[in-house]
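Okay, structure first, notes after.
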Amino acid sequence: MSETLKVNVERPGGNVAVLKTDGYINNSGGELIAKEAYTLLGEGTNRLLLDLEKTKIVNSIGISILIEILEKVLDQGGRLAFCHLTPTIDKTFKIMGLAQYARIYESPAPALSWLRGESE
Amino acid sequence: MSFDRREVHLEIPVAPEMEIAATALVSALGEWMQMERDKIEEVKFALVEACINAFEHSGTPDRKVAIDFLLDPSGEIDGRAALQVGVSDGGHGFNPANVPQPEMMTKLKAPRKRGWGIKIIESLMDDVRIESSPQGTRIIMRKYR
């Protein structure tokens, strides 16, 4: 029974990157996402989409690490969006107030449009 | 008089991802009770939070956490069909009144971003009680079907 997280990074162009997660976002999963995100931020890629289509469960430690990523993205004048959240992850993020500082979308296309500044 | 309550007891060690093992039982019991999928998922999330709170903060000397499930499909307890989950540890206890309410605006700039567990549990479950003493903590969470 291992829920070890995997992260796949895609670069659709510009200063936008998509991080696709697969598995449980706990402390180790969150750290793995952070490692990839901070590498991207270090390269000037500060508009990030976290696609959680293959993540069905998270915990508050993992989400706290996502908040650290959000803080760094905002500090660099970037944007952070999420897509493909399960109803419970979506509800949890809204309970925590994450949706006030990061956008939540059902699918990647409108998220990428917002990250590129093509829509508000 | 009909009696249709079922109890299941589980003990897990304080170890990585044991909380996920416990959520498998929530799925099975919730489905048996014909609870909606989204509600089952909310119970699973709340259980994960209760377990990791116990793992991280209780200081339980035997490195174990007890979980009990009470299925009440006919509303024996308070007239409403519910799945109740209790998470107990033998740790040093805490005063729930001293746990600050986390706020995203504050947490974004704070060095410590954690402390969301109880807020998540209380938001996802329909009824939550925390009983804590220097001999341990028990959190009792109910989700109505």
ask   = Given that the side chain runs from C-beta out, which part of N26(A) has a heavy atom under 4.5 Å from chain B: side chain, backbone, both or neither?
value = side chain

request  = Give a yes or no on this: more than 12 heavy atoms of other residues, nucleotides or ligands lie within 6.0 Å of atom NZ of K64(B).
outcome  = no

What donor-acceptor contacts under 3.5 angstrom involve side-chain atoms of residues 135-143 of chain B, with partners at least two apart or in another chain?
unit_1: Q135(B); atom_1: OE1; unit_2: S133(B); atom_2: OG; d: 3.4
unit_1: T137(B); atom_1: OG1; unit_2: S132(B); atom_2: OG; d: 2.7
unit_1: R138(B); atom_1: NH1; unit_2: D68(B); atom_2: OD2; d: 2.7
unit_1: R138(B); atom_1: NH1; unit_2: S88(B); atom_2: OG; d: 3.3
unit_1: R138(B); atom_1: NH2; unit_2: D68(B); atom_2: OD1; d: 3.4
unit_1: R142(B); atom_1: NH1; unit_2: Q84(B); atom_2: OE1; d: 2.9
unit_1: R142(B); atom_1: NH2; unit_2: D78(B); atom_2: OD1; d: 3.3
unit_1: K143(B); atom_1: NZ; unit_2: E42(B); atom_2: OE1; d: 2.5
unit_1: K143(B); atom_1: NZ; unit_2: L124(B); atom_2: O; d: 2.5

request  = Using non-hydrogen atoms and a 4.5 Å limit, figure out which bit of E103(B) sits close to chain A: side chain, backbone, both or neither.
outcome  = neither

ask   = From L48(A) CG over to L50(A) CG, what is the distance, rounded to the nearest 0.5 angstrom?
value = 7.0 Å

request  = Report yes if the side chains of I65(A) and I33(A) come closer than 4.5 Å at any heavy-atom pair, otherwise no.
outcome  = no

ask   = Do the side-chain N and O atoms of D90(A) and T92(A) include a donor-acceptor pair separated by under 3.5 angstrom?
value = no

Under 3.5 Å, which donor-acceptor pairs do the side chains of residues 97-110 of chain A form with other protein atoms, sequence neighbours left out?
unit_1: R103(A); atom_1: NH1; unit_2: Y105(A); atom_2: OH; d: 3.1

ask   = Would D127(B) and Y144(B) count as having a side-chain donor-acceptor pair, cut-off 3.5 Å?
value = no

inquiry  = Strictly less than 4.5 Å between heavy atoms, which residues of residues 70-78 of chain A line up against chain B? Please order them by number.
reply    = L70(A), E71(A), L74(A), D75(A)

remark   = Answer key: most heavy-atom pairs under 4.5 Å with chain B among T86(A), I67(A), I89(A) is I67(A)

request  = Decide, yes or no, whether a salt bridge links E68(A) with K113(B) under the criterion of side-chain N to carboxylate O below 4.0 Å.
outcome  = no

Within 6.0 Å of CD in E118(A), more than 12 heavy atoms from elsewhere = yes

ask   = Is there a donor in the side chain of Y38(A) and an acceptor in the side chain of E43(A), or the other way round, less than 3.5 Å apart?
value = no

task = Can you tell which part of L108(B) gets under 4.5 Å to a heavy atom of chain A, answering side chain, backbone, both or neither?
result = both

query = Looking at K107(B), R112(B), M105(B), which has the largest count of heavy-atom pairs under 4.5 Å with chain A?
reply = M105(B)

Pairwise distance CG(N53(B)) to CD1(I121(B)) - rounded to 0.5 angstrom = 5.5 Å

ask   = Is any side-chain N of the basic residue among E31(B) and R37(B) closer than 4.0 Å to the acidic one's carboxylate O?
value = yes

request  = Anything in residues 92-101 of chain B with a heavy-atom distance to chain A below 4.5 Å? Please list those residues in order.
outcome  = none

